[in-house]
Amino acid sequence: MGDALISQIFEQFTVVTSQKIGKEYRLVFGVEKEIENISQKLRLVQGFIEDAERRQVSDPTVKFWLESLKDVAYDVDDVICEWNTATRKMKMKRNEDKTVQKKVCCSFLPFSCFDCSRVVHRHDIALTIQNINKRLDAIVLKRNAFSLVRIDVGGQETRVSSRLLSSSSIEVPDVFGRGEDKSTLLSKLCSETSTQAVRETLQIISIVGLGGMGKTTLAKLIFNCKEVTTHFTELIWVCVSDPYDDVRVAKAIVESVEKSAPDVAELETALQLVKNCLDGKKFLLVLDDVGQVNRRSWEQLECNLKIGAPGSRVLVTTRTENVARMMNSSYIHPLGQLSDQDCWTLFSRIAFSEKTEKEKEELEGVGRGISRKCKGLPLSAYTIGGLMRSKSTLADWRDVLKSEFWELKGAEDLSPPLMLSYYDLSSKLRQCFIYCAKFPKYYYIEADNLIKLWMAQGYLTGANMEATGRSYLDELIMRCFFQNLEKDKESGIVTRFKMHDIVHDFAQYFTKNECVIVKPEIQEQVHSASPNIRHKTLIRGDDTPFPESFENSEKLHTFWVQSFYDSPPIVSQVDAVSAALFHHMKYLKALDLSHNRLRVLPDEVEKVINLRYLNLSFNPLEKLPESVCDLYNLQTLKLVACNHLTELPQGIGKLENLRHLEIDKTDNLSVLPGGISRLSALRTLSKFVIRGGGGDANVAACKIEDLRNLNCLQGRLDLEGLGNVANASEAKMAELYKKEYLVMLSMNFKPLVQTDQIMCVAEALQPHTNLVRLEMKSYGGRRFPNWIVSLRHLKKLLILECQSCDQLPALGELPLLEKLHLESIHSLKCIDHQFLNSNSRFGEEKIAFPNLKKLEIAKMRNLEEWNMSSTGCEGDGSNLKIMPVLRHLKLSECDKLETLPEALLQSTTPVRRLSIKNCGILQQKYRRGGDERIKISHIRKVKLS
């Protein structure tokens, strides 16, 4: 990380020194020379950091030297942030007040842009720079004592494996070589013993093995297999943190069964809830990764688990056999190393995933040698396989085989495969990876959120930082640093993931004095942490109040207060929060107070002037203070599920660097301030509300034309209140056709307007053809806009509650459409050939809905006829194919519909699922024994209800 940090600081420092320092500090004697000295020293040590990074593992003194250097670099970064923030702030003031602008221009040299009362004195900054210079002197001198050598990393800093980005993750079977282990454990879990006394006793089965041996993977495989899902009526998975928290484990069991978290803090109450929800049920409870556990705590829980039905089981995974015995395990299953062949199978599946047969033959000999060095550890094989996947030459493979990291001594907790993979990363990727140490173990990391946090820390640069961040994340996933990947079903993009606990420990090794996670049971860490900590995560327990003071937090760059449903609210402690948090953490770049039941955000938030990321989601905030708009550096503002929020600050237009405004699930937010039109850097705007007349005259509300300049919007946009748009001229000013990065669009035309004018408005709202998903709701026009059939990239279309439309457009012409949902189009009586691709010419084969896989028609009360015969199409229509890949057809509440199209019921069609619900006539015809039942007999799954 050190090299990336120095590079980042040096780049910013160069800009500052060349553009501003000469003017602003000319009157402070010697400062220009001090600045030049810092630049030279940073340039001098930069080339030796790579050697120091590698030697820190075996030499503690080098590690201390590197940490000292990084601490100085952080302080330089803080100075630069102060400078840039002050400059930006004064620029904003000039733009707001012409009079102030004239005064500032007249006194530019004496006072510069550092207002003494609002930012910091020039002299104080100068003293800070002098102090940094002295510390750098000592660091440079110590470098000579270590005999560090210069290592040229070449173009590594910007390298991302281009040949592999097309598939950043690969599908690997859950386990290799564990078939016998699986069979044994299944027999213990699912067998019914013959002795009544034994059968009625709760049995605990334990899997014991070293970290990285695959205990959790094997347990998951068993948990999800068919034998288990059919044998037990209740399946419960609890990840047990270390140390064991008896209240949280009990509540996690209840939440898994009841599907909601209980609001309790007392152990006795939680245990009673466990007893109630498991009473008489045959359950399998998996307690994953149990560390040290108090005997009495376990016996209390075990006693309440015995209320389950006979045959209930508890499956424990642990690294320690003593824990398994203390938990009264009836069977302990030791999980040993993989055989050489199984280890090779796992390694080669990953390492050779995108290599040719010729490459495999050339590399197999060396590859088997690397595989043997994994010593049968699945995690090692998985990790080193990810590394070798990125290497294609025999020389590269031999370098890995002969690496000194395999023989590393004195660092028992550091896995050689992880070391090799880590040091093969560019320094920027290392920086991004070890930042993940700030997340608690076993935590699901949201991919988009992590990228925004990287962005806030300054790890990502360029105009499209989000794309750079995604490429970095893809590279880390490809290298197998993350697991438990979850993907978006439609796009296949990774949305969230976990770090293995050993990988997490590995990341924490490199951030020991930079990152701290404070757990509820050891809150004294708040006071004992190093004063140089830059990233702090405070986990609040069930009865843990919000701290009133934050010692050693002055240099924090990230602060996250992770709370749970039952953590006490911060409501009564706002003054403490204001004093302790906002006044002392002036270098803070990322602040996450989500899920803290915070009702008021103090005005003093403006003190955290360097803030770039602010997450207030899932709080009952009623409003935000106007002072939020003075956070000039803010890039991300998250207000998801702030359901009490009714408006945003009027001055939000001042946040010119804001790129992400997340306001999903804010149903009461019925108006947006007009200043949003000035946020031309916005990439994310969850919804855009157009308010009608009758509102507060003092509130400058958004109009549809305020979308004109927001052409960087990406992802999804929900347009609400389109019924308030007066005419097509207004609608056209939004210039939706220029929003080429929007892929999902929801258009809600409430309040419902049933006039010809609304059809003109809809036509003027034509989006860019890159749209992938479209939802139209409460549209009052009689005809749909013509542009719908021009959306050539559309994959999903939902048309809801469009009550006046009596004819569907030719949606069959959409070449990529996969899912179509039609609902509550009450004026529609007939679906006919115009719904298809009607432009087939004589002798030319055409396909209507060539990629449609799922079609759902719901609540069409007046739909009487559905005729998709090609008769009437242009030409003879004889070569028209209709929905050739349709798999699922679903109809509900279509009372008057008498029959389904013959074209969809032929035995040659691919329909595999047919669902008909509350369609009286259809259900009579297609029920067992019905007149038309034979027509659907070939469909594999039919559901009539």
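Given the structure is predicted, the values throughout are model-derived calculations rather than measurements.
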Do His660 and Thr684 have a side chain donor and acceptor closer than 3.5 Å? yes
On a heavy-atom basis, the closest approach of Ile445 and Cys436 is CD1-CB, 4.4 Å
Looking at every non-hydrogen atom in both residues, tell me the closest pair between Leu639 and Leu648 and how far apart they are. CD1-CD2, 3.7 Å
Close side-chain approach of Gln508 and Cys515, heavy atoms under 4.5 Å: no
Should Lys623 and His644 be marked as a side-chain hydrogen bond (donor to acceptor under 3.5 Å, both in side chains) after you check the CA-CA gap, both sets of side-chain angles, and the distance that decides it? CA-CA 8 Å; Lys623 68 175 185 176; His644 292 70; over 6 Å; no
Greater than 12 external heavy atoms within 6.0 Å of Lys275's NZ: no
Should Val608 and Phe559 be marked as a side chain to side chain contact (heavy atoms under 4.5 Å, CB included) after you check the CA-CA gap, both sets of side-chain angles, and the distance that decides it? CA-CA 12 Å; Val608 198; Phe559 185 50; over 6 Å; no
Does a side chain donor of either Asn304 or Gln300 reach within less than 3.5 Å of an acceptor in the other side chain? no
Aromatic ring proximity, centroids under 6.0 angstrom, Phe433 and Phe481: yes
Could you tell me whether the side chains of Thr511 and Lys438 share a donor-acceptor contact shorter than 3.5 Å? no
Looking only at side-chain N and O atoms, does Asp664 offer a donor or acceptor that is under 3.5 Å from a partner on Ser686? yes
Do Asp592 and Lys638 meet the salt-bridge criterion of a basic N to acidic O distance under 4.0 Å? no
Thinking salt bridges, do Asp501 and Arg319 make one under a 4.0 Å N-O criterion? yes
Kindly determine whether Ile517 and His504 satisfy side chain to side chain contact (heavy atoms under 4.5 Å, CB included), including the steps that lead there. CA-CA 12 Å; Ile517 298 176; His504 191 275; 4.1 Å; yes
Flag the pair Val494 / Leu473 as yes when at least one side-chain heavy-atom distance between them is below 4.5 Å, and no otherwise. no
Taking the side chain as C-beta and beyond, is there a heavy-atom pair between Asn224 and Trp237 under 4.5 Å? no
How far apart are the closest heavy atoms of Leu485 and Ile477, and which atoms are they? CD1-CG2, 3.7 Å
If you round to the nearest 0.5 Å, how far is CZ of Arg773 from NZ of Lys819? 9.5 Å
Checking side-chain polar atoms at under 3.5 Å, does Thr317 have a donor or acceptor matched by the opposite partner on Asp288? yes
Tell me, with the steps shown, if Ser617 and Asn615 meet side-chain hydrogen bond (donor to acceptor under 3.5 Å, both in side chains). CA-CA 6 Å; Ser617 300; Asn615 188 355; 2.9 Å; yes
Check: Leu588 and Phe582 side chains under 4.5 Å, non-hydrogen atoms: no
Can you tell me how far the CD1 atom of Ile204 sits from the CG atom of Leu305, to the nearest 0.5 Å? 8.0 Å
If I take atom CD from residue Glu775 and atom CG from residue Leu798, how far apart are they, to the nearest 0.5 angstrom? 5.5 Å
Would you name the heavy atoms of Leu235 and Ser256 that are closest together and state the gap between them? O-OG, 3.8 Å
Measuring only between side-chain heavy atoms, which start at C-beta, is Val561 closer than 4.5 Å to Arg540? yes
Quick one: do Thr558 and Gln457 satisfy side-chain hydrogen bond (donor to acceptor under 3.5 Å, both in side chains)? Show the steps, please. CA-CA 8 Å; Thr558 304; Gln457 300 304 317; 2.8 Å; yes
Above 12 or not: heavy atoms from other molecules or residues under 6.0 Å from NZ of Lys281? yes
Kindly compute the distance separating CG (Leu284) from CZ (Arg313), expressed to the nearest 0.5 Å. 9.5 Å
Less than 3.5 Å apart, any donor N or O on the side chain of Glu255 or Ser260 sitting next to an acceptor on the other? no
Between Glu321 and Arg325, does any side-chain N to carboxylate O distance fall below 4.0 Å? yes
Which pair of heavy atoms, one from Leu616 and one from Cys642, lies closest together, and at what distance? O-SG, 3.3 Å
All ring pair (Phe, Tyr, Trp, His ring centres under 6.0 Å) counterparts of Tyr613, not counting sequence neighbours: none
What salt bridge (charged side-chain N to carboxylate O under 4.0 Å, His left out) pairs are there with at least one residue in residues 443-457, not counting sequence neighbours? Asp448-Arg470, Lys452-Glu662
Is it true that the side chains of Ser206 and Ser329 contain a donor and an acceptor less than 3.5 Å apart? yes
Side-chain contact test, heavy atoms from C-beta onward, threshold under 4.5 Å: evaluate it for Met327 versus Val290 and give yes or no. yes
Glu266 CD: over 12 foreign heavy atoms closer than 6.0 Å: no
How long is the gap from OH on Tyr382 to CG on Leu346, to the nearest 0.5 Å? 9.0 Å
Checking side chain to side chain contact (heavy atoms under 4.5 Å, CB included) for the pair Leu379/Leu377: CA distance, chi angles, key distance, verdict? CA-CA 6 Å; Leu379 180 63; Leu377 283 173; 5.5 Å; no
Just by distance, no angles: are the side chains of Thr184 and Asp181 close enough, under 3.5 Å, to form a donor-acceptor pair? no
Can you check ring-ring contact (aromatic ring centres under 6.0 Å, His included) on Tyr443 and Trp560, steps first, answer last? CA-CA 14 Å; Tyr443 181 81; Trp560 176 23; 5.2 Å; yes
Taking C-beta and beyond as the side chain, do Trp298 and Leu287 meet within less than 4.5 Å on heavy atoms? yes
Least distance between heavy atoms, Leu453 atom then Phe439 atom: CD1-CZ, 4.0 Å
Is it the case that more than 12 heavy atoms not belonging to Lys796 sit under 6.0 Å from its NZ atom? yes
So, the side chain of Asn294 versus the backbone of Arg296: is there a donor-acceptor pair under 3.5 Å, distance only? yes
Distance, nearest 0.5 Å, that separates CG of Asp488 from CZ of Arg496: 13.0 Å
Just wondering, are more than 12 heavy atoms of other shown residues or ligands nearer than 6.0 Å to NZ in Lys441? yes
side-chain hydrogen bond (donor to acceptor under 3.5 Å, both in side chains) between Thr666 and Lys687, intermediate numbers included: CA-CA 9 Å; Thr666 52; Lys687 67 178 181 181; 3.3 Å; yes
Report the residues that fulfil salt bridge (Lys or Arg N to Asp or Glu O under 4.0 Å) with Asp246, sequence neighbours left out, ordered by chain and then residue number. none
Flag for His821-Glu856: side-chain donor and acceptor within less than 3.5 Å: yes
Between Leu285 and Leu315, is there a side-chain heavy-atom distance shorter than 4.5 Å? no
Applying side chain to side chain contact (heavy atoms under 4.5 Å, CB included), run through Arg612 and Met455 and close with a yes or a no. CA-CA 8 Å; Arg612 301 176 186 177; Met455 192 167 67; over 6 Å; no
Decide whether Lys487 and Thr495 meet the rule of one side-chain donor and one side-chain acceptor closer than 3.5 Å. no
